[in-house]
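Below is one structure, written out as structure tokens; the observations come after it.
Counting starts at 1 for both ligands and their atoms, in listed order.
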Amino acid sequence: MSRFCQIVIGPAGSGKSTYCSNLMRHCEDVGRRINIVNLDPAAEFFDYTPDVDVRELISLEDVLDDEDESIKFGPNGGLVFCMEFLIENLEWLDSQLGEGDDDYWVFDCPGQIELYTHLDVMKTLITHLQNHHNFRCSAVCMFDVQCITDSAKFIGGSMAALSSMTKLEVPFVNVLSKVDLLDVEQKENLDGYLDLMESHHELLKHLNNENKGDQFMTKYKTLTTSLVNLLDSYGLVGFHTLDMSEENSMADLLMLIDSQIQYGEDLDVKDNYPDDEGG
Ligand SMILES: Nc1nc2c(ncn2[C@@H]2O[C@H](COP(=O)(O)OP(=O)(O)OP(=O)(O)O)[C@@H](O)[C@H]2O)c(=O)[nH]1
Ligand SMILES: [Mg+2]
């Protein structure tokens, strides 16, 4: 039997912790049990009660206040230190997660993008969850929609997403958060970008039109074209929107993630064939 989890990642302030608390509320409303892990040693506030909290093992504050000269860090180095400390003490996490079956966990991760794009910490953690606990993991990568509403930013965000996807090698959903903050026109523009994203070459055409005469864009046209070709050749990056002002938005996203990790499939079989039992 399996266990299931979402690893909620993404840049600082992109809405990871808010997503986790909204997901928790949504699940309570529909009568579904999920467990939340705060995996951010620097967290000061979040609006849910975690079942497991990494700060009980180590917090950023502990590291910054430590008088030992050999571990003098600023906040960013300190956070990486905390995450590496967690990896060296995975038996702590093991004891917190216990030996569940068919249970569903959500990991609220720190906002340092390098943890996902090139450091080994998160990859090591995910591999441990898969191999040691039999977790089926999906990475849910949040991006603030405001960072992605013009073509150049869209390419930048897509590159960050691609980098995390190839590094972590798990089922992946890129989520554009805070869509409720966009006005009607911006929402229409976003739909346009998401359509363009289906074909990166259309996106490139759009980018060139958008920036006609711009010296920077002219100078770096070959580079931009190469990036767009790279995204195209992988064909991996897509985005799903999350609009907390829309009633079904969270349910749609959850259904997508569940299907990736095949959560509830056994349940479906039982529901579809209730009379088959014993027979
Ligand atoms: N309107 C709106 N605001 C949001 C949404 N998601 C997050 N926010 C706001 O964005 C800010 C950052 O949200 P967090 O959930 O703390 O972001 P985070 O990714 O956990 O941040 P770090 O843990 O610091 O990396 C907060 O002020 C949230 O209230 C959303 O869907 N809609
Ligand atoms: Mg957070």
- Message: Within the 3.5 Å criterion, strictly below it, is a donor on Y104 or D258 matched to an acceptor on the partner's side chain?
- Response: yes
- Go through the side-chain N and O atoms of S138 and Q6 and say whether any donor and acceptor fall under 3.5 Å apart. no
- Using distance alone, with no hydrogens and no angle criterion, decide if S226 and N229 have a side-chain donor and acceptor under 3.5 Å apart. no
- Query: For ligand 1, which atoms have a heavy atom of L181 less than 4.0 angstrom away?
  - Reply: 1 (N)
- Hey, is there an N, O or S on T18 sitting under 2.8 Å from the Mg ion (ligand 2)? no
- Out of R3, R33, R32, which residue meets the salt bridge (Lys or Arg N to Asp or Glu O under 4.0 Å) rule with D103? R3
- What is the nearest protein non-hydrogen atom to atom 17 (O) of ligand 1, stated with its residue, atom name and distance? G15 N, 3.1 Å
- Message: Between D243 and K187, does any side-chain N to carboxylate O distance fall below 4.0 Å?
- Response: yes
- Message: If we set the cut-off at 4.0 Å for heavy atoms, which region of S177 has an atom near ligand 1: side chain, backbone, both, or neither?
- Response: neither
- Nearest neighbour of atom 12 (C) of ligand 1 from the list P11, G10, C109, G13, on a heavy-atom basis: G13
- Message: Side chains of H240 and D252: any donor to acceptor distance under 3.5 Å?
- Response: no
- Should D40 and R55 count as an ion pair when the cut-off is N to O under 4.0 Å? no
- Item | Of the listed options E44, K178, M250, closest to atom 10 (O) of ligand 1 (non-hydrogen atoms) | K178
- Item | Nearest-contact summary for atom 23 (O) of ligand 1 - protein heavy atom, Å | D40 OD2, 3.7 Å
- Query: Looking only at heavy atoms, is any part of N22 under 4.0 Å from ligand 1, and if so is it the side chain, the backbone, or both, or is it neither?
  - Reply: neither
- Does a side-chain heavy-atom distance below 4.5 Å link V37 with D51? no
- What atoms of ligand 1 come within less than 4.0 Å of a heavy atom belonging to G111? 25 (O)
- Are the charged groups of K178 and D144 less than 4.0 angstrom apart, N to O? yes
- Starting from atom 2 (C) of ligand 1, find the nearest protein heavy-atom neighbour and note its residue, name and distance. D180 OD2, 3.5 Å
- Message: Please tell me if atom 26 (C) of ligand 1 is touched by the protein, where touching means a protein heavy-atom distance below 4.0 Å.
- Response: no
- Task: Using modelled atom types only, decide if a donor and an acceptor are shared between the side chain of Q186 and the backbone of D183 within a distance under 3.5 Å.
- Result: yes
- Task: Look only at interatomic distance and state if D108 has a nitrogen or oxygen under 3.5 Å from any nitrogen or oxygen of ligand 1.
- Result: no
- Message: Regarding ligand 1, does Y19 bring an N or O atom to under 3.5 Å of one of the ligand's N or O atoms?
- Response: no
- Among K16, M244, M142, closest by heavy atom to atom 18 (P) of ligand 1 is K16
- Residue and atom name of the nearest protein heavy atom (relative to atom 7 (C) of ligand 1), distance in Å to one decimal: T18 OG1, 3.3 Å
